[in-house]
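From a predicted model like this one, the values you see are computed outputs, not experimental measurements.
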Amino acid sequence: MSSQLPADFFVTPGQLLVAVSGLHRPECVLATVDGSLYSADWRGGVAGGGVAISRPGGDCEVVVGQIAPDRPARPNGIALRADGSFLFADLGESLGGIYTLSRGGAIAPLITHADGAALLPSNFVCEDAAGRIWFTVSTRLVPRWKAWRADVADGFIGVHDARGTRIVADGLGYTNEIAFSPDGQFVYVNETYGQRVSRFRLHADTSLGPKELVADLGAGNFPDGLTFDTEGNLWVTCIVSNRVIVIRPDSSCQIVLDGDDPVYTTNFEAKYQTGSLLPPDTATAGNSPLGNISSLAFGGPDLRTAYLGCLLDDKIRSFRVPVAGHPPIHWHR
C-alpha cells in the first residue's frame, strides 16, 4: 500500500468486516498494540455500564459498575489510563462528570464540577501526553435533545490538571470528540449540530487561541468521532449519514465510506433546519446498513485497520486503510 491516501480511496458498507459483535452501544472504541479493543458498553442496564474489553481470538470481558445505587453509569467517551484503569464521560439523564473505573468495577468521581458548576451530561474524555485530562460537555440544556438545532451553541471543552478544573473553550455547537494534532499545536473538535469541525491553537498553559474553522461538512453530516493518521489527515465519523469523511491538511474533504440512507438523512436534515428534532429521530439510522457510526480508532500491528464504534448496533466493524493511523497515547498500554 502507498503511504499516501489516494484520491479515489473508497470503501462500501459491504466491504466492512465485523471485528466484534454482541456489544451494547459501543459508542467509543479504542485499540492497543496487542490487538485488544476497548469500547463503552451499557449492557449493565439499571445496574450500570462500563467498558467491554475484546481480546484477539474472540474473548470478551465486560467491566461494569454503578456511580450510586440509584444512578447507573452511562459511559460515552472512554480513555485507557497508564495503570490499566479507565476514565469515562458519564452521559447521565441530567448529570454527568468524569469518573474512574477500575478493572474490578469500582467507580469513583474524578471531575464533577468545572468553574464552580456541576457537570451536566458529559460526552468525551481523553488524556494528553502531560497527563492532563480533557473532556467535553455537548450542551447545558437538559434534556440534551433541546440542543439538536443549528441556533444552539452552549457546549464546551474543559481541562483538569494540578491547578484544578476549568473551561477552556465555550460556545460550541454540541461539542463532541476532541483530538490533538500530531504536532501537539492544535486541539480539534467536532461540533455535531454545528455540522462542522473546528480547532484551537493549544498554548503551554492549556489556554486555547481563537476558534478556527477547519471544515463545514454540509447537509446531512453530523460529525461525532475524529482521529488523525500519520499524514496529518483527520478521519471524521458522521452519525445520521453514516459516513467517514477525511479532511486533508488543506481542508479538502473526501468521503471514504458512505452508508447513507438518503431518504432518512433528507428528512433528518429538514427537521434539523426547522429545529424540530426529537429523540425518536435519532433512535434509527433509517435503512442504512450501519448503526450510526460514532468513532474511529486505528489499530492492527501496522495501525492500518480502522475500527468503527456505533450508537445503534452491537458491532465494531473494520476496514483496511492505505495510511497508518497516528499512534494514540494509549497505544502501548
- Will you find, in the side chains of Ser36 and Arg55, an N or O donor that is under 3.5 Å from an N or O acceptor? yes
- Distance in Å, Leu23 CG paired with Arg43 CZ, rounded so as to fall on 0.5 Å steps: 6.0 Å
- Presence of salt bridge, Asp313 and Arg25, under 4.0 angstrom: no
- Atom of Gly300, atom of Trp331 and distance for their closest heavy-atom approach: O-CH2, 3.4 Å
- Item | Qualifying residue for ring pair (Phe, Tyr, Trp, His ring centres under 6.0 Å) with Tyr174, from Phe222, Trp145, Tyr272, Tyr193 | Tyr193
- Say whether Ser122 and Asp90, considering side chains only, have a donor N or O and an acceptor N or O under 3.5 Å apart. no
- Evaluate side-chain hydrogen bond (donor to acceptor under 3.5 Å, both in side chains) for Thr32 paired with Asp34, printing each intermediate quantity in order. CA-CA 6 Å; Thr32 51; Asp34 67 352; 2.8 Å; yes
- Message: Tell me which one of Phe180, Tyr188, Phe186 satisfies ring pair (Phe, Tyr, Trp, His ring centres under 6.0 Å) with Phe228.
- Response: Tyr188
- Might you work through the side-chain hydrogen bond (donor to acceptor under 3.5 Å, both in side chains) test for Asp154 and Thr139, ending with a clear yes or no? CA-CA 5 Å; Asp154 65 347; Thr139 177; 2.8 Å; yes
- Task: State, to 0.1 Å, how close Thr237 and Leu308 come at their nearest heavy-atom pair, and which atoms those are.
- Result: CG2-CD2, 4.0 Å
- Note on the structure: When every non-hydrogen atom of Val125 is compared with those of Ala89, the smallest separation belongs to CG1-N, 3.8 Å
- Message: Just verifying a value: how many Å separate Ile98 CD1 and Leu110 CG, rounded to the nearest 0.5 Å?
- Response: 8.0 Å
- Query: With no hydrogens and no angle check, do the side chains of Ser241 and Asn221 hold a donor and an acceptor under 3.5 Å apart?
  - Reply: yes
- Intermediate values then yes/no, side chain to side chain contact (heavy atoms under 4.5 Å, CB included), Tyr99 and Ile111: CA-CA 7 Å; Tyr99 291 81; Ile111 307 169; over 6 Å; no
- Message: Could you tell me if Arg248 and Gln254 have a donor-acceptor pair between their side chains, going purely by distance under 3.5 Å?
- Response: yes
- Query: Is it true that Glu191 and Lys211 have a side-chain N and a carboxylate O under 4.0 angstrom from each other?
  - Reply: yes
- Should Leu296 and Val11 be regarded as members of a common hydrophobic cluster, given that ILVMFWY residues are connected when their side-chain heavy atoms come within less than 4.5 Å of each other, either directly or indirectly? yes
- Under 3.5 Å, is there a donor-acceptor pair linking the side chains of Gln273 and Glu269? yes
- Note on the structure: Between the CG atom in Leu257 and the CZ atom in Arg243, the distance rounded to the nearest 0.5 Å is 10.0 Å
- Taking atom CD of Gln15 as the centre, report whether more than 12 heavy atoms of other residues, nucleotides or ligands fall under 6.0 Å from it. yes
- Message: If I take atom CD1 from residue Ile157 and atom OG1 from residue Thr136, how far apart are they, to the nearest 0.5 angstrom?
- Response: 7.5 Å
- Task: Quick one: sort the Trp235 and Phe319 rings into parallel, tilted or perpendicular, breaks at 30° and 60°.
- Result: tilted
- Message: Under 3.5 Å, is there a donor on one side chain and an acceptor on the other for Thr100 and Arg81?
- Response: no
- Message: How about CG on Asn287, more than 12 heavy atoms from neighbouring residues, nucleotides or ligands closer than 6.0 Å, or not?
- Response: no
- Item | With Arg166, the salt bridge (Lys or Arg N to Asp or Glu O under 4.0 Å) member among Asp161, Asp205, Asp115 | Asp161
- So does Arg74 pair up with Asp41, basic N to acidic O under 4.0 Å? no
- Task: Could you tell me whether the side chains of Asp260 and Thr265 share a donor-acceptor contact shorter than 3.5 Å?
- Result: yes
- Exercise: do Ser85 and Asp83 side chains pair donor with acceptor under 3.5 Å: yes
- Item | Distance, nearest 0.5 Å, that separates CZ of Phe88 from SG of Cys28 | 13.0 Å
- Message: Checking Glu127 against Arg333 for the salt bridge (charged side-chain N to carboxylate O under 4.0 Å, His left out) test, could you report, in this order, the C-alpha distance in whole Å, the side-chain angles of both residues, the deciding distance, and whether it holds?
- Response: CA-CA 13 Å; Glu127 288 185 309; Arg333 293 181 175 176; 3.2 Å; yes
